[in-house]
Amino acid sequence: MQIQPVKQLRGEVSVPGDKSISHRSIMFGALAKGTTEITHFLHGADCLSTIGCFRAMGINIEDTPDRILVHGKGLHGLSEPSSFLDVGNSGTTTRLISGILSGQPFATTLSGDASLNSRPMKRIMEPLGMMGADILSQNGNGCAPLLINSLLPAGQNPSLHAIHYHSKVASAQVKSSVLLAGLYADGLTLVTEPVLSRNHTELMLNGFGANVQTEIHSDGSATASILPCEELYGQKILVPGDISSAAYFIAAALLVPGSELLIKNVGTNPTRAGILEVCRAMGADITYLNENCDSGEPTADLLVRTSTLHGTTVEGAIIPTLIDEIPMIAVMAAFAEGTTIIRDAAELKVKETDRIKTTTEGLLAMGVDVTPTDDGMIIRGGNPVHGGQINSYLDHRIAMAFSIAALAAEGNTEIQDGQCVDVSYPSFFTELHSLSL
């Protein structure tokens, strides 16, 4: 993928539906009684993996251009699949569905592509095991393929116990996996994390009729709790635009001179929208328009204009709210005046790639003064950024972040394996081109 600098960006764009919410809408709709209607669903490869898994377990899912209809069968309506469940490259699918499958009276194997099967799953295997789930790593390395309930006599319901799990990391996937298993447990299940991670699961489960509570403690930690319930009930869900996808257009408008973009219907949930706080701290010109709260999730249109950015420090409690956007923030820092320090982000090492390594490698290829650290990086910005050859390592966020860098750099840039953006944003390059002048 060859990308040349552009003079400016103008127009408006509606980014794809939120990836996290799209996953959950399928899962919870499948577990609900009745039909769940989903609009603005993200048709990316990861979310399609979730659809495929639930179809394989007997759920009728109608996928049309305008909406998705999930004809749920209730909390106990899933059927044993005829083969393993293919989770593709989706860590969200793998970790969340593991919690659901832990409560089912049949055996299942979860497996994905080579990248997915190298990602750590002990973080959900441990708490699910504490609840009494039978979950094993087939290769004994704490990764997929995962065998779930393979030792359970056929047709016997597992006996899941309520626990209070203290997570070492603020991870929405870990929290969600335990809460979903808690739907099948024998009492109140609680998850305490160091700081509040994204709360889409809690908001949406309550909308479907579950009893989920969240308590923020004086030390900044947070506890989510769930009681088992008789049933969930189908809902109408309007998926907001994905803030992670919007981040690339926000950065593009800020960095390319003379630009102004209106980004429509962006999810601004505070547990996800940390990048907007970082942009403000760096001096960004961003105006919120048409704010509302459809389906329990806050949204707004974002008007973004070119700005002179300056360095900042990104650390602490804000990290879980922007972990996926850190490669894009690092690129913004390269064009900003002064030094930006990113720390407390060791979680980057266990994403689709080690994003500390792949982000710093890409920045160095473009002439940026950057130093990787154990839990982040230090970027000294304000110097000329030139085009270069970027290895995406098939990581969609690396490919998109450096595509934006290429628009504001001097000279041409080549993104290797740029097609990997299809995982979360199939029309990314088409829409970016349509806004370029």
Do the ring planes of Tyr248 and Phe428 sit parallel (below 30°), tilted (30 to 60°) or perpendicular (above 60°)?
perpendicular

Between Leu31 and Leu78, is there a side-chain heavy-atom distance shorter than 4.5 Å?
yes

Rounded to the nearest 0.5 Å, what separation is found between the OG1 atom of Thr359 and the NZ atom of Lys357?
12.0 Å

Nearest 0.5 Å, please: how far is OG in Ser176 from CZ in Arg95?
11.5 Å

Please check if atom CG in Asp374 has more than 12 non-hydrogen atoms from other residues, nucleotides or ligands closer than 6.0 Å.
no

Please step through side chain to side chain donor-acceptor pair (under 3.5 Å) for the pair Thr92 and Gln173, ending with a clear verdict.
CA-CA 6 Å; Thr92 302; Gln173 293 182 3; 3.0 Å; yes

Is it the case that the side chains of Arg10 and Ser436 hold a donor-acceptor pair, with the cut-off being a distance below 3.5 Å and no angle test?
no

Glu315 (side chain) donor-acceptor with Arg343 (main chain) under 3.5 angstrom:
no

Indicate whether the side chain of Thr214 and that of Asn199 have a donor and an acceptor atom separated by less than 3.5 Å.
no

For Ile68 and Ile51: C-alpha separation, side-chain torsions, deciding distance, then whether side chain to side chain contact (heavy atoms under 4.5 Å, CB included) applies.
CA-CA 10 Å; Ile68 289 182; Ile51 288 179; 3.9 Å; yes

Side chain Thr306, main chain Val256, donor-acceptor under 3.5 Å
yes

Donor-acceptor contact present, side-chain Thr353 to main-chain Lys351, <3.5 Å:
no

Atom NZ of Lys7 with >12 non-hydrogen neighbours under 6.0 angstrom:
no

Just checking, is any N or O donor in the side chain of Arg67 or His40 under 3.5 Å from an acceptor N or O on the other one?
no

Are Ser20 and Arg198 linked by a side-chain donor-acceptor pair shorter than 3.5 Å?
yes

Smallest separation among heavy atoms of Gly91 and Arg119, with atom names
N-NH1, 3.7 Å

Report yes if the side chains of Cys279 and Leu254 come closer than 4.5 Å at any heavy-atom pair, otherwise no.
yes

Under 3.5 Å, is there a donor-acceptor pair linking the side chains of Thr50 and Thr93?
yes

Got a donor-acceptor contact below 3.5 angstrom from the Ser22 side chain to the Leu42 backbone?
yes

Could you check whether any side-chain N or O of Asp18 sits under 3.5 Å from a backbone N or O of Pro240, counting only pairs where one atom can act as donor and the other as acceptor?
no

Quick one: OG1 on Thr373 to CD1 on Ile378, what's the gap to the nearest 0.5 Å?
6.0 Å

Are side-chain N/O atoms of Glu62 and His71 paired as donor and acceptor at under 3.5 Å?
yes

Give, for atom CD1 of Ile38 and atom CD1 of Ile237, the distance between the pair rounded to the nearest 0.5 Å.
5.5 Å

Distance alone, cut at 3.5 Å: any donor-acceptor contact between the side chains of Tyr393 and Glu352?
no

Hey, are the side chains of Pro194 and Val169 touching, using non-hydrogen atoms and a 4.5 Å cut-off?
no

Can a side-chain donor-acceptor contact be found between Arg397 and Ser424 if the only test is distance below 3.5 angstrom?
no

Can you find a heavy atom in the side chain of Val385 that is under 4.5 Å from one in the side chain of Val331?
no

Examine distances only and state if a side-chain atom of Ser259 and a backbone atom of Arg305 form a donor-acceptor pair shorter than 3.5 Å.
no

Main-chain N/O of Ala317 paired with Thr321 side-chain donor or acceptor, under 3.5 Å:
no

For the side chain of Thr340 and the backbone of Thr312, is there at least one donor-acceptor N/O pair under 3.5 Å apart?
yes

When you check the side-chain N and O atoms of Glu337 and Thr308, is any donor under 3.5 Å from an acceptor?
no

For the student: nearest non-hydrogen atoms of Ser25 and Thr36, plus distance
O-CG2, 4.3 Å

Please walk me through it: do Lys19 and Asp46 pass salt bridge (charged side-chain N to carboxylate O under 4.0 Å, His left out)?
CA-CA 8 Å; Lys19 187 179 175 189; Asp46 281 7; 2.8 Å; yes

Heavy atoms of other groups near His217 NE2, more than 12 under 6.0 Å
yes

Output the distance between atom OG (Ser137) and atom CG (Leu110), rounded to the nearest 0.5 Å.
11.5 Å

If you compare all heavy atoms of Cys53 against all heavy atoms of Leu85, which two are closest, and at what distance to 0.1 Å?
O-CD2, 3.7 Å

Looking at Lys175 and Ala224, what are the two nearest heavy atoms and their distance?
CD-CB, 4.1 Å

Under a 3.5 Å cutoff, is there a donor and acceptor pairing between the side chains of Thr271 and Asn269?
yes

Test your reading of the model: is there a side-chain donor-acceptor pair from Asn149 to the backbone of Leu101, 3.5 Å cut-off?
yes

May I ask you to decide if Leu394's main-chain N or O and Ser392's side chain share a donor-acceptor pair within less than 3.5 Å?
yes

